[in-house]
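A short worksheet on the structure shown next.
Predicted, not measured: the structure shown is a model, and the values here were computed from it. Order of the sequence lines fixes the chain letters, A, B, ..., with proteins taken first and strands second; residue numbering starts at 1 for each chain.
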2 protein chains.
Amino acid sequence: MLALRLTPKFQASQSVSMSKQKSVTISDIAKRVNMTTITVSRALNNPHQVKAETLARILEVARELDYVPNTFARSLKRDESLIIGVITASVDNPFYSEMIKAISREAKKHGYTIMLVDTDKLPELESKAVDTLLGYRVAGIILSPVSDEPQYQPDYLERLANGKTPVVLLDRTIHGSPFSRVVLDNYHSGYKAGQYLLQQNSGIKRLLVLTGPRHSRITEERLKGLRAVLGGNPRCK
Amino acid sequence: MLALRLTPKFQASQSVSMSKQKSVTISDIAKRVNMTTITVSRALNNPHQVKAETLARILEVARELDYVPNTFARSLKRDESLIIGVITASVDNPFYSEMIKAISREAKKHGYTIMLVDTDKLPELESKAVDTLLGYRVAGIILSPVSDEPQYQPDYLERLANGKTPVVLLDRTIHGSPFSRVVLDNYHSGYKAGQYLLQQNSGIKRLLVLTGPRHSRITEERLKGLRAVLGGNPRCK
DNA sequence: TTGTAGGCGTTATCAC
DNA sequence: GTGATAACGCCTACAA
């Protein structure tokens, strides 16, 4: 049973947040230490350019005031985004959530954060997702489209292809798109499965293959690979 | 077999991206239509405040140039963030990925995007995650801490509690913290399970309960609830 | 070692 | 209906 518990203090903190109190900026700190903003900025980013004493005071005040740099301002000024966009049709699919885990882990190593958009398998949301991510000027987009079918040619395709944002397709391909991709070679997988089976037992007569949807290209490719090894024409289901 | 395929065009697009060509801004559009930025801004945000003819031209040029509003600039100016931060110890845990899915879906409805941080169960990363999210001035943080133990009192706790960012704990609690939480009532769950079993068969003599780690509080609470219903003292394992 | 000036892209406020 | 001005918070010149 899921229990939602609201503490009195929560409600308090809520109303505080509603009052839109501004957050601490470097100029708040600057005033406190009788310096200009630039010195504070340097203390935070290039500490060695600041006199030890000044530095110490600044850092102290910063901590005291719970200063947290505004990433929007920084990204705007520096014209850089430390966000990597990930678009997937279903986070709750274990395959994708494992991928996301791996992506997330690697991104973190390099100082990037993941912005995750689940499209619920809706092309429309996928398109919006692309725009959202471009709005954040993401460093790159890892895209697992809603469909793998050749006729799926999303409207954002051209914009994305002409743009400067690196895109990598994951698991699914957009036919004819210029993006790099990380995909499963279905034919080869079937082929390898066949080889393995032959190694285990060279006298296979009948074979049961459990697949996904019967006529998906994925299924067909895998079966084709399998048949390529097993030669004859085992009855596959 | 995973296949990584790099197309020639990808390499090209990569090098383009490296050259940091600036993206289109409203002032680019403004120049093209001999207007000022404000008018363009209005055309995009309050279309009805702009003459139909002007509006049309602006929108056309915007599309032509593949204009995408810079969210950093907008958020900075408006002092608002449309990001919701989600901190979890393991995205690849099906329980959490389902949660994330649900959160994501709901967030989208209201125009918010999810920023996902997986802490890999490391308190240190959790702390960094909080800072990262605060840097983005997120609208709120949904936090599933690395630990549920009472002695886990992360360093960011005070900052977060005093701050103005709404926080909701998910699945795990930080003992003594003022945040609202969505958690499982383990005792009650055990209790209900017991009731259900009794309904099915009132003559239970021996019961096998599959639990998680034997002495975790979770396990113990559930068992306690169970025993409360089943009265006597069934041998539980 | 510290400061001045200006601008990143956008929008709020007040004019015309 | 449109514009001039300034500001959001930060940082990159270029001084002093």
Side-chain angles (χ1 to χ4, degrees), chain A residues 20-59 61-62 65-83 131-132 134-139 164, chain B residues 20-59 61-62 65-83 131-132 134-139 164:
Chain A
K20 287 236 175 192
Q21 57 177 209
K22 297 177 215 104
S23 33
V24 196
T25 73
I26 49 173
S27 68
D28 292 330
I29 301 180
K31 278 175 208 153
R32 288 276 232 111
V33 298
N34 287 321
M35 296 264 143
T36 54
T37 61
I38 187 61
T39 307
V40 177
S41 172
R42 278 196 276 252
L44 266 26
N45 298 299
N46 306 64
H48 58 284
Q49 285 182 27
V50 175
K51 189 166 62 177
E53 189 193 350
T54 318
L55 178 62
R57 269 199 308 155
I58 292 181
L59 293 184
V61 173
L65 263 44
D66 283 337
Y67 169 76
V68 182
N70 185 320
T71 310
F72 292 135
R74 174 178 299 193
S75 288
L76 179 58
K77 175 65 188 174
R78 292 194 180 162
D79 190 28
E80 77 174 3
S81 173
L82 293 179
I83 302 177
D131 281 333
T132 303
L134 291 181
Y136 282 101
R137 302 292 187 268
V138 292
K164 52 170 193 167
Chain B
K20 288 236 175 192
Q21 57 176 208
K22 295 179 213 101
S23 33
V24 208
T25 73
I26 50 174
S27 69
D28 292 329
I29 301 180
K31 278 176 208 153
R32 288 274 232 112
V33 298
N34 288 320
M35 296 266 144
T36 55
T37 60
I38 303 83
T39 308
V40 177
S41 172
R42 278 197 275 252
L44 267 24
N45 297 299
N46 306 63
H48 59 283
Q49 286 182 28
V50 175
K51 190 165 60 176
E53 190 193 350
T54 318
L55 178 61
R57 271 201 304 156
I58 291 181
L59 293 184
V61 173
L65 265 42
D66 283 337
Y67 169 76
V68 181
N70 185 319
T71 310
F72 292 135
R74 174 180 302 201
S75 288
L76 178 58
K77 177 63 188 173
R78 290 195 179 161
D79 190 28
E80 77 174 3
S81 174
L82 294 179
I83 303 177
D131 281 331
T132 303
L134 292 180
Y136 282 100
R137 302 291 186 267
V138 293
K164 52 172 191 164

Check: Taking the side chain as C-beta and beyond, is there a heavy-atom pair between A/Phe72 and B/Ser81 under 4.5 Å?
Finding: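 Result yes, sub-4.5 Å side-chain heavy-atom pair found.
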Of all the heavy-atom pairs spanning [X] and [Y], show the shortest one and how long it is.
X: A/Ile29; Y: A/Leu65; result: CG1-CD2, 4.4 Å
X: A/Val68; Y: B/Asp131; result: CG1-O, 3.9 Å
X: B/Arg74; Y: B/Pro69; result: NH2-CB, 3.7 Å

Checklist line | CG on B/Asn70 to OG1 on B/Thr25, rounded to 0.5 Å | finding: 9.5 Å
Next item on the list: May I ask you to decide if A/Thr37's main-chain N or O and A/Ser41's side chain share a donor-acceptor pair within less than 3.5 Å?
Entry: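 Not at all, since once roles are kept as given, no pair shorter than 3.5 Å links the two residues.
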Margin query: For B/His48 and A/Asn46, find the nucleotide of DNA chain D closest to each by heavy atoms; which residue's nucleotide sits nearer the 5' end?
Written below: B/His48
Checklist line | Range on DNA chain D touched by chain A - first to last nucleotide, heavy-atom distance under 4.0 Å | finding: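 Nucleotide range with atoms under 4.0 Å of chain A: D/dG9 to D/dT12.
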Next item on the list: Ignoring hydrogens and angles, state whether a donor on the side chain of A/Arg137 or B/Ser23 is under 3.5 Å from an acceptor on the partner side chain.
Entry: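 Yes.
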Check: At under 4.0 Å between heavy atoms, what does A/Thr54 touch on the DNA or RNA strands: base, sugar-phosphate, or nothing?
Finding: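 A/Thr54: backbone/sugar contact only, no base atoms under 4.0 Å.
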Next item on the list: Assign a letter to each nucleotide of nucleotides 9-16 of chain C from its 5' end: B, base within under 4.0 Å of a protein heavy atom; S, sugar-phosphate only; -, no contact.
Entry: BBBB----
Check: Which one of A/Ile58, A/Val40, A/Thr36, A/Thr39 satisfies the side chain to side chain contact (heavy atoms under 4.5 Å, CB included) criterion with A/Ile26?
Finding: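 That would be A/Val40; it is the only one of A/Ile58, A/Val40, A/Thr36, A/Thr39 passing the side chain to side chain contact (heavy atoms under 4.5 Å, CB included) with A/Ile26.
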